[in-house]
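Below, read A as the first sequence line, B as the second, and so on, with proteins coming before strands; counting in each chain starts at 1. Because the structure is predicted, anything quoted here is derived from the model rather than measured. FYI, side chains are in, hydrogens and waters are out, and symmetry mates aren't considered; it's all heavy atoms of this structure.
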There are 2 protein chains.
Amino acid sequence: MSLDNKKDKGIQSVIQIDRLVHEPARMLIMAILLSVENADFLFLLKQTGLTRGNLSSHLSKLETAGYVSITKEFVDKIPRTLLTATDGGSDAFENYRRRMIGILENC
Amino acid sequence: MSLDNKKDKGIQSVIQIDRLVHEPARMLIMAILLSVENADFLFLLKQTGLTRGNLSSHLSKLETAGYVSITKEFVDKIPRTLLTATDGGSDAFENYRRRMIGILENC
DNA sequence: TCAATTAGGTTTGCAACACAAACTTGTATG
DNA sequence: CATACAAGTTTGTGTTGCAAACCTAATTGA
């Protein structure tokens, strides 16, 4: 009856999960960025299936949080937006993953 | 370089995850309901640490979705709101858990 | 006896968010 | 040059999560 055992103590902490990573669209973006060497806007657009506007605003939020760095360059006069996960972003994602798996495996 | 391997095909599906369960407060509510015989409003209030209003509105959403059934009774003239996870709710939660673990374990 | 308090929830109000449509800026093409 | 296209960004909108305010009924106390 009591919820004071290890199993249940864990799940309470789901309330404090990192919501920036928790949002599915951003979780996907981070996972992709961490799995490839380099990614640009169009690559992410294809891989995620998000609309351009949506992708753009999620990237801005991740940048503001310091999880992703955005670099703009020109290749043959065509703009190219390069996205990279920062160390902080990598840590945040790994923490999220670990905690979330821990929580879900004990329900 | 390509993302067409098993690992990455999985994560794309995070976009279609069940958002009703994905919300931390509701995930917690469902997990608690599935782990105890019976729970009333006040018990959930204590266990979750949510405010009354917040708990109430999350429960309404879960009820609307058919994940939780809400029964009101009176005990010594005091109202008591009984919450139970439905079979559908139990299935939804289990599916969420399985899919989410699968996704997170392959990043 | 009847104001004030407490208990158990619900409704309302609001800031933040996710999303897509519309816009912007710049390049190629007819 | 104007028309279309490409690469993003900004704007607009409906939805959400949250807590404050509210409601209803029971209890207390003066």
Side-chain angles (χ1 to χ4, degrees), chain A residues 12-33 38-65 67-84 92 96, chain B residues 12-33 38-65 67-84 92 96:
Chain A
Q12 311 268 7
S13 71
V14 75
I15 299 289
Q16 281 109 33
I17 209 80
D18 183 346
R19 292 204 179 239
L20 235 99
V21 179
H22 192 61
E23 165 63 27
R26 286 187 299 257
M27 199 188 309
L28 177 54
I29 292 172
M30 291 301 297
I32 293 174
L33 289 183
N38 46 23
D40 59 19
F41 190 89
L42 293 179
F43 176 73
L44 282 182
L45 196 61
K46 295 249 154 84
Q47 294 296 325
T48 60
L50 299 172
T51 60
R52 291 193 305 266
N54 200 5
L55 176 56
S56 174
S57 71
H58 282 307
L59 286 173
S60 289
K61 271 169 201 176
L62 290 170
E63 186 189 29
T64 299
Y67 289 3
V68 162
S69 87
I70 306 184
T71 324
K72 293 162 200 288
E73 61 179 22
F74 278 81
V75 177
D76 292 337
K77 296 187 178 176
I78 292 175
R80 181 166 190 250
T81 303
L82 255 173
L83 292 321
T84 330
Y96 173 85
Chain B
Q12 310 268 5
S13 73
V14 74
I15 298 289
Q16 281 110 34
I17 209 81
D18 183 346
R19 289 198 182 246
L20 235 100
V21 180
H22 192 60
E23 166 62 29
R26 287 189 298 259
M27 198 188 310
L28 178 54
I29 292 172
M30 291 301 296
I32 293 175
L33 288 182
N38 46 23
D40 59 17
F41 190 90
L42 293 179
F43 176 74
L44 282 182
L45 196 61
K46 295 249 154 83
Q47 294 296 324
T48 60
L50 299 172
T51 60
R52 292 192 307 265
N54 200 5
L55 176 56
S56 174
S57 73
H58 281 306
L59 286 173
S60 288
K61 271 169 201 174
L62 290 170
E63 186 189 29
T64 299
Y67 288 2
V68 161
S69 88
I70 306 184
T71 324
K72 291 161 200 290
E73 61 179 25
F74 277 81
V75 178
D76 293 336
K77 298 186 178 177
I78 292 176
R80 181 165 190 251
T81 302
L82 256 173
L83 292 322
T84 331
Y96 173 84

Could you pull out the closest heavy-atom pair between B:Tyr67 and B:Asp18, with the gap in Å?
-> OH-OD2, 2.7 Å
The residue, B:Arg52 or B:His58, whose nearest nucleotide of DNA chain D is more 5′ is B:His58
B:Met30 side chain reached by B:Val68 side chain, heavy atoms, under 4.5 Å | yes
Which part of the nucleic acid, if any, lies within contact of B:Ser60, taking any heavy atom under 4.0 Å across all strands shown: a base, the sugar-phosphate backbone alone, or nothing?
-> nothing
A:Phe43 vs A:Ile32 side-chain heavy atoms within contact, under 4.5 Å = yes
Can you tell me how far CZ of B:Arg19 sits from CZ of B:Arg26, rounded to the nearest 0.5 angstrom?
-> 10.5 Å
Report yes or no: do B:His58 and B:Asn54 form a side-chain donor-acceptor pair below 3.5 Å?
-> yes
Shoot me the first and last contacting nucleotide of DNA chain D against chain B, ordered 5' to 3', at under 4.0 angstrom to non-hydrogen atoms.
-> D:dT16 to D:dA26
Within-4.5 Å side-chain heavy-atom neighbours: B:Glu23 and B:Lys61 = no
Spacing of A:Leu33 atom CG and A:Ser69 atom OG [to the nearest 0.5 Å] = 9.5 Å
5'-most contact on DNA chain C (nearest-nucleotide basis), A:Gly53 vs A:Asp76, goes to A:Gly53
Have a look at B:Leu42 and say if it touches a base, only the backbone sugar-phosphate, or nothing, with a 4.0 Å heavy-atom cut-off.
-> sugar-phosphate
Closest-nucleotide 5' rank along DNA chain C - winner of B:Phe41 and A:Glu23 = B:Phe41
Boundaries of the DNA chain C segment in contact with chain A, non-hydrogen, under 4.0 Å | C:dC17 to C:dT27
Please name the residue in the list B:Leu50, B:Val21, B:Leu83 that meets the side-chain contact (heavy atoms from CB on, under 4.5 Å) test with B:Ile29.
-> B:Leu50
When the nearest nucleotide of DNA chain D is assigned to B:Leu50 and to B:Ile78 on a heavy-atom basis, which residue is associated with the more 5' position?
-> B:Leu50
